[in-house]
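Here is the structure we will look at.
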Amino acid sequence: LIHEPGVDEKLVAAYEAIDDYDTRVAIATALGRLPSAGSRALLERVAAFNWVEWITRRNVALRQAAKLALAEIDKEIKRGA
């Protein structure tokens, strides 16, 4: 991904506008390469485990992608610090 201003906001907006599960997983993965407050906020929300998903086992891949993306953001922040 190109690190241009506003790319993370566009991906967050696309995530919110798209209902396709696989596309959301791809966007969550991509956001891990674009550390910003907006991408981190979305990924934290997506990575959260709620009881309905726990019972139904829905969104497992999406949550996992968000957790991995958050780990990438943390690595990037530590590298830059």
Side-chain angles (χ1 to χ4, degrees):
L1 288 171
I2 299 171
H3 290 273
E4 291 182 10
V7 171
D8 55 332
E9 288 117 7
K10 290 177 183 176
L11 284 173
V12 169
Y15 180 92
E16 298 294 346
I18 296 172
D19 290 328
D20 182 68
Y21 184 78
D22 292 330
T23 303
R24 283 185 160 198
V25 171
I27 291 171
T29 302
L31 284 171
R33 296 182 211 125
L34 299 166
S36 72
S39 60
R40 184 170 195 79
L42 174 70
L43 292 169
E44 286 174 345
R45 183 170 49 95
V46 172
F49 198 65
N50 74 45
W51 68 274
V52 173
E53 291 174 338
W54 181 73
I55 291 170
T56 62
R57 303 300 296 163
R58 291 183 60 205
N59 298 329
V60 173
L62 182 57
R63 262 195 325 281
Q64 186 64 25
K67 288 178 184 179
L68 291 172
L70 283 169
E72 285 296 315
I73 288 173
D74 290 341
K75 283 183 202 175
E76 188 69 28
I77 290 171
K78 286 180 183 176
R79 241 183 272 140

### Message
With clusters defined by side-chain heavy atoms of hydrophobic residues (ILVMFWY) lying less than 4.5 Å apart, directly or transitively, does Tyr21 cluster with Leu31?
### Response
yes
### Separation between CG of Asp8 and NZ of Lys10, rounded to the nearest 0.5 Å
10.0 Å
### Query
If you round to the nearest 0.5 Å, how far is CD1 of Ile18 from CD1 of Ile27?
4.5 Å
### Query
What residues form a side-chain hydrogen bond (donor to acceptor under 3.5 Å, both in side chains) with Thr29, not counting sequence neighbours?
none
#### Entry: Side-chain heavy atoms of Tyr15 within contact of Val46, under 4.5 Å
yes
### Query
Could you state the interatomic distance from CZ (Arg24) to CG (Asn59), rounded to the nearest 0.5 Å?
8.5 Å
### Message
Checking Glu9 now: which residues fulfil salt bridge (Lys or Arg N to Asp or Glu O under 4.0 Å) with it, not counting sequence neighbours?
### Response
none
May I have the list of side-chain donor-acceptor pairs in residues 62-72 shorter than 3.5 Å, sequence neighbours left out?
{"from": "Arg63", "atom 1": "NH1", "to": "Glu53", "atom 2": "OE1", "distance (Å)": "3.0"}
{"from": "Arg63", "atom 1": "NH1", "to": "Arg58", "atom 2": "O", "distance (Å)": "3.2"}

#### Entry: Interatomic spacing from CD1 in Ile73 to CD in Glu44 - rounded to 0.5 Å
8.5 Å
#### Entry: Pair Asp74 + Arg40, salt bridge at N-O below 4.0 Å
yes
